[in-house]
Structure formats: structure tokens, C-alpha cells
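Counting from 1, the numbers follow the sequence of the chain as shown.
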Amino acid sequence: LGAERGISKQVKHADRTGIPYVLLYGGNEKEKGVVTVKDMEAGRMKAAALKSREEWLEQRPGQFEVSRAQLAAAMKEVVSRS
């Protein structure tokens with residue numbers, strides 16, 4: 001739980017300071033061989049249309065997983081769309 005709080009604080013800091021992308025690689029990601037990518041702007045825009053926290057948790061707008069091997073290519077694609 002402590003680590004989750006730290007991550008949450010870091011993601012909130014990224015959001016407040018305008019950092020466009022956050023990459024998460026914790027135990028869950030390591031186990032699955034993926035990295036979670038959070039597109040902060042896309043998440044904000046899509047989240048504004050959701051009615052509840054439950055809906056947000058179900059959809060995780062602006063967030064996706066990519067295999068570690070494909071991370072560089074996926075980020076090139078995401079950044080090129082910006």
C-alpha cells in the first residue's frame with residue numbers, strides 16, 4: 001500500500017506539472033512483461049466524460065499496456081500523434 005501511495009503522488013505531480021506521459025513498471029507489470037503507459041492529456045480528456053470513479057477504474061482512459069520489447073516503438077507512435 002505504501003508503494004501505491006508513492007506512485008499515486010508521483011502521477012499527481014506529473015499531472016500538475018504538465019508531464020505528458022508516465023511509464024509504470026512495478027511488480028504487476030514485471031510479472032506480465034509489460035509497461036503501463038499513461039497518456040496524461042488523453043486521460044484527462046476522456047475522464048471528463050465519465051460519470052463515476054467506478055467507470056474510470058473500469059476504462060482507465062488514456063492508459064494502456066505495452067510489452068517491454070515494443071515500448072520504444074509504442075512511445076514513438078504515441079508522441080508522433082501529439
Check your understanding: Are Phe64 and Val35 connected, step by step, through hydrophobic side chains (Ile, Leu, Val, Met, Phe, Trp, Tyr) whose heavy atoms are closer than 4.5 Å?
Key -> yes

Revision key, fill the gap. So salt bridge (charged side-chain N to carboxylate O under 4.0 Å, His left out) across residues 22-36, not counting sequence neighbours, yields Lys32-Glu65

Quick one: side chains of residues 66-76, donor-acceptor pairs under 3.5 Å with protein atoms, not counting sequence neighbours, listed by atom name and distance.
residue, atom, partner, partner atom, Å
Ser67, OG, Gln70, N, 3.2
Arg68, NH1, Tyr25, OH, 3.3

Practice item. Decide yes or no for Tyr21 and Val78: does some side-chain heavy atom of the first lie under 4.5 Å from some side-chain heavy atom of the second? Key: yes

Exercise for review: Check Met40 against Val11 and note the closest heavy-atom contact, atom names and distance.
Suggested key: CE-O, 3.6 Å

**Study point:** Arg81: partners by salt bridge (charged side-chain N to carboxylate O under 4.0 Å, His left out), with sequence neighbours left out
**Key:** Glu77

Check your understanding: Among all residues two or more places apart in sequence or in another chain, which pass the side-chain contact (heavy atoms from CB on, under 4.5 Å) test with Thr17?
Key -> His13, Ile19

Check your understanding: Could you state the interatomic distance from CG (Asp39) to CD (Gln63), rounded to the nearest 0.5 Å?
Key -> 10.5 Å

Review point. Sequence neighbours excluded, which residues qualify as side-chain hydrogen bond (donor to acceptor under 3.5 Å, both in side chains) partners of Asp15?
Key: Arg44

